[in-house]
Structure formats: C-alpha cells, structure tokens
Amino acid sequence: MAEVVIVEDVPAAGALVADEIARLIEGRPDAVLGLATGSTPLPVYEALHRRLGGADLAQVRGFALDEYVGIDPHHPESYRSVIAREVVEPLRLNPSQIHVPNGSLDGIEHAGADYEAAITAAGGVDLQILGIGTDGHIGFNEPGSSFASRTRVKTLTAQTRKDNARFFDSIDDVPMHCITQGLGTILQARHLVMLAFGESKARAVAEAVEGPISAILPGSAIQLHPHVTVVVDEAAASRLKLVDYYRYTYANKPAWQGL
Ligand code: PGA
C-alpha cells in the first residue's frame with residue numbers, strides 16, 4: 001500500500017519531499033527526477049532551493065509529466081516555461097538535461113514515442129513528483145485513461161480546463177489538448193511521491209489511495225506501484241478511512257527507512 005504521511009502544513013510537505021530528493025541526489029548526482037507542474041509541487045521546489053540552492057546540480061536530469069498541445073512554448077504558462085521558471089532557473093539545473101514533452105503541432109504524431117525513448121535512454125525516472133487533479137487525474141491522464149498508456153495526446157476535461165483557467169486570461173485560452181506521460185509510463189518510475197493539499201483534493205486522494213483500482217479515477221493506479229509516498233495536509237487527508245493507521249505507522253517508522 002502507499003505510505004501516507006499527514007503533515008502539519010504545506011511548507012512541512014515541501015521540506016519532507018525536498019529532503020528525500022536531496023538524499024537521492026547526494027547518492028546519485030545524475031538522478032532522474034520526474035517533475036510535475038501546477039500549484040501543488042511548488043513548495044517542494046521552494047524547499048529544494050532553500051536546501052540545495054548553492055549546490056552544483058548540473059548533472060541532475062529531469063522529465064516533466066506533461067505539456068499543453070499547440071501552446072507557444074514561450075507562453076508563460078506553457079509547462080516548458082513553468083519548469084524553466086520554477087525549477088531549472090532557481091536550482092541552476094542544466095537546461096539541456098531537463099525535458100518537457102513537445103507540444104508543438106509540428107511533429108505531434110511522434111512526440112509521445114520520442115519522449116518515451118528519451119526516458120528509456122536516461123534509464124528511467126528515479127523519483128516522480130505527482131499532484132492529483134480534483135477529478136483524480138495524474139499527469140494529464142484524465143478519467144478513463146488506460147493503466148497501460150504511454151506518453152500521448154489527450155483531450156482535457158471541462159473540469160481540468162476550468163481548474164487551470166486561473167493561469168490564463170480566460171477559460172477559452174486554456175488549450176483543449178495536452179501531451180502527457182501515460183499511467184504505464186508513470187508506474188515505471190522507481191518511487192512515486194504524490195502530494196495534495198486542501199479539502200478540494202480530499203475525495204480524489206481517498207479514492208486514489210483506498211478506492212477500487214479503476215480507470216475512472218486514474219490516480220488509483222498508484223496502488224499498483226510497490227513504492228509510493230502520499231504526502232497530504234489534514235484537509236486533503238480528511239476523507240481517508242485508515243487515517244489513524246497512517247499516523248501510527250509513520251510515527252513508528254524505522255529511522256533507516258527514508259520515505
Ligand atoms: P494543482 O494541479 O497542483 O494545480 O492543484 C494538480 C494536477 O492537476 O495534477
């Protein structure tokens with residue numbers, strides 16, 4: 001089962017996950033990180049900056065989960081721009097080592113296969129950071145996505161476009177299509193770390209962690225993975241049935257184990 005860690009607040013979640021990433025990079029300077037966008041992972045990147053801001057991270061490699069299709073890559077809300085602004089620049093990563101799916105219409109037919117080949121050539125992702133959408137999506141794998149899916153073009157749901165409209169001038173500016181790592185791609189990362197904060201994520205978290213494994217809730221795919229850490233605040237944990245057990249397990253966790 002997933003290890004569920006309930007933290008006091010959002011900064012505590014960021015610090016916890018940043019510590020784990022720092023440990024990984026200390027042991028393996030060319031570690032491969034799976035990078036997520038959206039609001040949720042920002043505290044992780046901020047904590048990483050505080051913890052490793054002065055370090056030489058030029059060997060670290062990274063793969064973003066997804067990108068909008070047809071968006072100008074220089075648009076401030078393209079995931080290429082977001083990853084550059086929130087991750088690559090502050091941490092002084094080497095931009096040539098950080099990959100984002102190519103959402104440009106030119107070559108979109110083979111962009112998914114190209115991305116899969118790049119992940120394979122890097123030896124796979126060591127630690128994949130994940131958020132979860134209110135509809136249960138991970139990456140942009142919307143409800144109904146195959147658990148065997150690989151990086152491909154998907155149509156965003158009306159709910160996701162509404163959720164992401166806050167980043168754009170209007171909902172009409174939110175692209176209709178995206179290119180996203182598949183659930184099968186994500187499940188091949190060696191460690192999945194899912195974060196979620198706030199009451200609006202409580203249902204999706206409960207169903208992903210404890211609900212039936214079903215394509216209707218793509219986040220439930222994490223139950224198929226042998227090493228998953230779910231880091232949530234009290235509000236996002238509020239619908240979990242085994243909440244007392246998660247607290248008890250974490251409080252008694254052997255110190256040598258890490259996340
Ligand atoms: P959010 O998005 O972090 O902006 O809430 C999460 C997601 O859609 O995966």
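Every number for a ligand or one of its atoms is a count from 1 in the order of the listing. Just so it is clear, the values below take in all heavy atoms, side chains as well, and ignore hydrogens, waters and symmetry mates. Because the structure is predicted, anything quoted here is derived from the model rather than measured.
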So if I count the atoms of ligand 1 from 1 in the order they appear, which ones are less than 4.0 Å from some heavy atom of [X]?
X: Lys201; answer: 1 (P), 5 (O), 6 (C)
X: Gly38; answer: 3 (O), 4 (O)
X: Thr40; answer: 1 (P), 3 (O), 5 (O)
X: His137; answer: 7 (C), 8 (O), 9 (O)

### Task
Could you give me the CA-CA distance, side-chain angles and deciding distance for Met1 and Tyr245, then say whether side-chain contact (heavy atoms from CB on, under 4.5 Å) is met?
CA-CA 12 Å; Met1 67 190 290; Tyr245 180 62; 4.2 Å; yes
### Query
Ring centres of His75 and Phe168 under 6.0 Å apart?
yes
### Query
If you measure from each non-hydrogen atom of Ile132 to ligand 1, which part falls under 4.0 Å: side chain, backbone, both or neither?
backbone
### Query
Mind checking whether Arg166 has a heavy atom under 4.0 Å from ligand 1?
yes
### Task
Considering only NZ, NE, NH1 and NH2 on the basic side and carboxylate oxygens on the acidic side, decide whether Lys253 and Glu3 come within less than 4.0 Å.
yes
### Message
Minimum heavy-atom separation for Leu156 and Glu142, please, with both atom names.
### Response
CA-OE2, 3.7 Å
### Task
First locate atom CZ of Arg161, then atom OG1 of Thr155, and finally report the distance between them rounded to the nearest 0.5 Å.
10.5 Å
